[in-house]
Amino acid sequence: MMTLKINGLTHQVDADPDTPLLYVLRDDLKLNAAKFGCGLGQCGSCTVIVDGKAVLSCVTPLLLLEGKQVTTLEGLGTISEPAPIQRAFMEEQAAQCGYCIAGMMMRAQALLQKNSKPTDEEIRTELQQNLCRCGTHMRILRAVRRAARLMDTAELSPGNQGSVP
Amino acid sequence: MAQVVSNLSSVPSSDVRAIAVYMADVLGTPTPDRKRQGEAALAQAKSGAAAAPQANAVGASIYAAACASCHEGGRPPPYGGINLGLSTAIASPDPRNLANIVLSGVRPLEGERSPIMPGFADSMNDTQIAALLNFLRTRFGNQAPWSGVEKTVEDARRTQTVFLQTSAGPRNAPADASQRDKP
């Protein structure tokens, strides 16, 4: 039995300590936003946030998560009240097939939490680890810039999650 | 060094042998001690002998959970990791290179088939990485333990942060069109 803190809730999961976080998220907790892409920590589609940092959940075993807070895309916002990053990606229509998008949003969210006004260069450098096969990169970049502006405006604070440091 | 390895990967095996013979000649006859050490390292790397139990249970469990599936998975590179029994970073007198690799991973080279590894800077803390490095040294290093590993990891993490903040990654497709169809 392992104890995990995910999206503000404590879960007891029946899994070995060496199980990758991604498997528990998808198979046990049915949090299916994070995707299995390569399984090698190379594509970024499994990205989640752990203690404010973007982490590749396919190569992160549960034993590294003791006492840490995991946030998945489900923890940012809901369909009726999307978080700024989700709203921005929708408004820019940044998804094509969408497989990479949850990971893109999580890495962008982690970036914006520590740097609310990133330069284009900083966004590109940060998102380099996340691959998009469809090629919507320019829209994704626009969405991250839009999210930065949205987060900057006070009107959005109710829909925003409270974990921004 | 990756570029050198890549450039030399297409030379005929007779040339590889000639370079090896030349290098062995330049380095001179190894002492019996050193020779024994080398043979032991090679034998261990080939046999993949089971890990002797270590007092360092934290390092051992991190290795088993986060590293072994690639490094002992039996897949050829780049989808499988290198044989750690042959790793110069683990056998080196200083743990800094190994700390850098575990923190930042190995990024693929643009336009080339090259080794890859994810970085663990954001999923492991310094104590966990130090435990892992000490485990790897004992398990695969065939050398005396390192000292001050945690301090090395701390320093490496600081430098890594600065590097990531200042480095601009590759921005565009290669200007040379003949490079674009490479994997």
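Naming: A, B, ... by sequence-line order, numbering from 1 per chain.
Taking 4.5 Å as the heavy-atom cut-off, the residues of residues 6-18 of chain A that approach chain B are Asp18(A), ordered by number.
Using a 4.5 Å cut-off between heavy atoms, Tyr79(B) touches chain A through backbone and side chain atoms alike. Residue contact with chain B, scored on non-hydrogen atoms closer than 4.5 Å, involves the side chain of Gln129(A) exclusively. For chain B, the nearby part of Ala54(A) is the backbone; its heavy atoms alone come within less than 4.5 Å. The contact between Leu56(A) and chain B is made entirely by side chain atoms (from C-beta outward), counting heavy-atom distances below 4.5 Å.
Following chains of ILVMFWY side-chain contacts shorter than 4.5 Å, one can reach Val153(B) starting from Val106(B), so the two form part of one hydrophobic cluster. Note on Leu127(A): it clusters hydrophobically with Leu76(A), by side-chain heavy-atom contacts below 4.5 Å among ILVMFWY residues. In terms of hydrophobic clustering, with Ile, Leu, Val, Met, Phe, Trp and Tyr side chains grouped at heavy-atom distances under 4.5 Å, Ile101(B) and Trp146(B) are assigned to a common cluster. Side-chain heavy atoms closer than 4.5 Å link hydrophobic residues (I, L, V, M, F, W, Y) into clusters, and following such links, even through other members, never connects Val59(A) to Leu21(A). Linking Ile, Leu, Val, Met, Phe, Trp and Tyr residues whenever their side-chain heavy atoms come within less than 4.5 Å places Met104(A) and Met151(A) in a single cluster.
Residue Arg75(B) places its CZ atom among more than 12 non-hydrogen atoms of other residues, nucleotides or ligands, all under 6.0 Å distant. Few gaps surround CD on Gln143(B); more than 12 heavy atoms of other groups in view lie less than 6.0 Å from it. Residue Tyr23(A) places its OH atom among 12 or fewer non-hydrogen atoms of other residues, nucleotides or ligands, all under 6.0 Å distant.
Of the residues listed (Ile49(A), Val55(A), Asp51(A)), the one engaging Asp122(B) in a side-chain contact (heavy atoms from CB on, under 4.5 Å) is Val55(A), and it is the only one.
Smallest separation of non-hydrogen atoms from Pro108(B) and Gln42(A): CD-OE1, 4.4 Å.
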Please report the C-alpha distance between Val50(A) and Ser123(B) in whole Å, then the side-chain angles of each, then the deciding distance to 0.1 Å, and finally whether the side chain to side chain contact (heavy atoms under 4.5 Å, CB included) criterion is met.
CA-CA 8 Å; Val50(A) 177; Ser123(B) 54; over 6 Å; no
